[in-house]
Every structure is written in structure tokens, then in C-alpha cells.
Amino acid sequence: GNSVTQMEGPVTLSEEAFLTINCTYTATGYPSLFWYVQYPGEGLQLLLKATKADDKGSNKGFEATYRKETTSFHLEKGSVQVSDSAVYFCALRLGTGGFKTIFGAGTRLFVKA
Amino acid sequence: GAGVSQSPSNKVTEKGKDVELRCDPISGHTALYWYRQRLGQGLEFLIYFQGNSAPDKSGLPSDRFSAERTGESVSTLTIQRTQQEDSAVYLCASSSPDREVHEQYFGPGTRLTVT
């Protein structure tokens with residue numbers, strides 16, 4: 001079946017540290033891949049996306065590259081800030097047959113000053 | 001409005017009661033989704049509406065759960081005979097078919113507590 005697996009949290013980092021949150025997927029066909037972020041007390045919002053293999057999504061200093069050969073979409077940021085503390089969700093949307101989006105369990109990030 | 005709105009924002013109900021949750025999508029968005037997010041867990045897909053097509057109900061956990069949508073506007077999620085395990089945040093999202101990748105815009109959620 002179709003699924004998304006992301007690293008368990010919480011992840012705790014000091015400010016300016018390098019961040020990687022791993023995400024791998026299983027899907028039939030050619031999905032689009034997303035990272036959503038949920039800041040404390042707020043709703044989910046799209047952080048970045050990639051629609052085909054080797055695409056790189058980027059936003060707010062975050063990046064993720066669609067790797068078909070490893071079925072991965074790892075989220076990275078070179079230097080995190082306290083304001084990046086949030087829950088990050090990896091998700092896939094199937095390319096055909098509808099618009100159902102499957103989300104990972106989420107990874108909570110804490111950034112300390 | 002500018003975004004997806006949901007009401008109520010919080011609902012406390014007694015076990016066995018019925019509850020109705022409301023979602024107002026962004027105007028013009030033909031697709032509407034309901035998800036459940038239990039404390040500390042990820043999003044669980046419940047149901048998806050797309051225009052006038054038959055909804056995808058594959059995520060509804062039991063026959064106590066149902067949802068309706070009138071045209072391309074408001075949707076209601078109804079939970080009958082609530083149980084304590086129904087306690088969660090219920091999220092609604094909408095998306096437009098005009099955008100290439102159908103980005104979902106989420107509402108703030110309804111926090112349901114069953115006592």
C-alpha cells in the first residue's frame with residue numbers, strides 16, 4: 001500500500017545547528033511529495049513540495065530533494081532558528097486516481113537558544 | 001473569508017452523545033478533506049470530497065462517522081454515539097483544481113473531547 005515513514009521525534013537542536021528529518025515513502029505510480037509544518041497553536045501549512053524525481057523543493061531555508069531511487073524526501077536546513085520549532089509532516093499525493101494525500105506521523109522539532 | 005474556517009474550535013461532549021463539526025472551505029475550492037489528529041500522532045485521513053463526484057469515504061473508522069457536503073461549499077462531519085477514543089483534533093482542508101499540485105489549505109481544527 002501507499003505510506004509515508006518519517007523519523008520519530010522529538011528532535012532537539014541548538015540554534016544554528018544543521019537539521020535533517022528523514023522521510024521515506026511507498027507508493028504506486030508517481031506521487032507528488034510535500035512537507036507541511038505545524039507551528040505551536042497554528043494550523044498546518046505547506047512548507048515545500050516536489051512533483052517529480054530529482055526536483056528540489058525549497059522555502060524559508062528548508063530544502064528537500066525528491067529521490068526516486070531511494071524513495072526519499074528528506075528535509076534539511078543548514079542553520080535552524082528557535083522560530084523553526086514546530087511539528088513537520090511529510091506527505092505524498094498520488095499522481096493518478098484522485099487527490100488523496102497520505103501523511104507521515106510528524107516529527108516534533110525543538111530548537112534551543 | 002481568506003482561509004478555511006472550522007467551528008466550533010473546541011467541543012466537549014459526553015460519551016454517547018452525537019456531535020456535528022463544520023468546515024467552510026476557501027471559496028472556489030472544489031476539493032475538501034477531513035482528517036483526524038490524535039494527541040501526539042499524525043494525520044489520519046477520514047474522507048475526501050471532489051466536486052459532484054462520489055466522496056472517498058475509505059478513511060472513516062466506523063459507521064458512527066459520516067460527512068456531507070452541499071455542492072462546493074460547507075461540509076459537516078457527524079459523529080454519532082461518541083466514544084472516548086474519538087477525542088482528537090479534527091482538521092479540514094480544501095484545495096483548488098486550478099493549481100497544478102492541488103496544495104491543501106488547512107483550517108485551525110476542532111478539538112473534540114469526549115468525557
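Residue numbers start from 1 in every chain, and the chains themselves are labelled A, B, ... in the order their sequence lines are given, proteins ahead of strands.
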**OP:** Dump the intermediate steps for side-chain contact (heavy atoms from CB on, under 4.5 Å) on Leu43(B) and Thr101(A), then the final yes or no.
**Re:** CA-CA 10 Å; Leu43(B) 274 70; Thr101(A) 303; over 6 Å; no
Taking atom [atom1] of [X] as the centre, report whether more than 12 heavy atoms of other residues, nucleotides or ligands fall under 6.0 Å from it.
X	atom1	result
Glu85(B)	CD	yes
Gln81(A)	CD	yes
Glu16(A)	CD	no

Original post:
Among Gln38(A), Arg108(A), Gln45(A), which has the most heavy-atom pairs under 4.5 Å with chain B?
Top reply: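 Most heavy-atom pairs under 4.5 Å with chain B: Gln38(A).
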Membership question, hydrophobic clusters at under 4.5 Å side-chain separation (ILVMFWY): are [Y] and [X] in the same one?
X	Y	result
Met7(A)	Leu109(A)	yes
Phe49(B)	Leu91(B)	no
Phe73(A)	Tyr88(A)	yes

Original post:
Looking at side-chain heavy atoms only, is the closest gap between Leu46(A) and Gln104(B) below 4.5 Å?
Top reply: no
Subject >> Portion of Glu44(B) that has a non-hydrogen atom of chain A nearer than 4.5 angstrom >> reply: neither
**OP:** Check whether Ser58(B) gets within reach of chain A through its side chain, its backbone, both or neither, counting any heavy atom under 4.5 Å.
**Re:**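 Contact with chain A is through the side chain of Ser58(B) alone.
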Original post:
Does the gap between the ring centers of Tyr35(B) and Phe103(A) come in under 6.0 Å?
Top reply: yes
**OP:** Give, as side chain, backbone, both or neither, the part of Glu42(A) having an atom under 4.5 angstrom from any heavy atom of chain B.
**Re:**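 For Glu42(A), there is no contact with chain B at all, as no heavy atom is under 4.5 Å.
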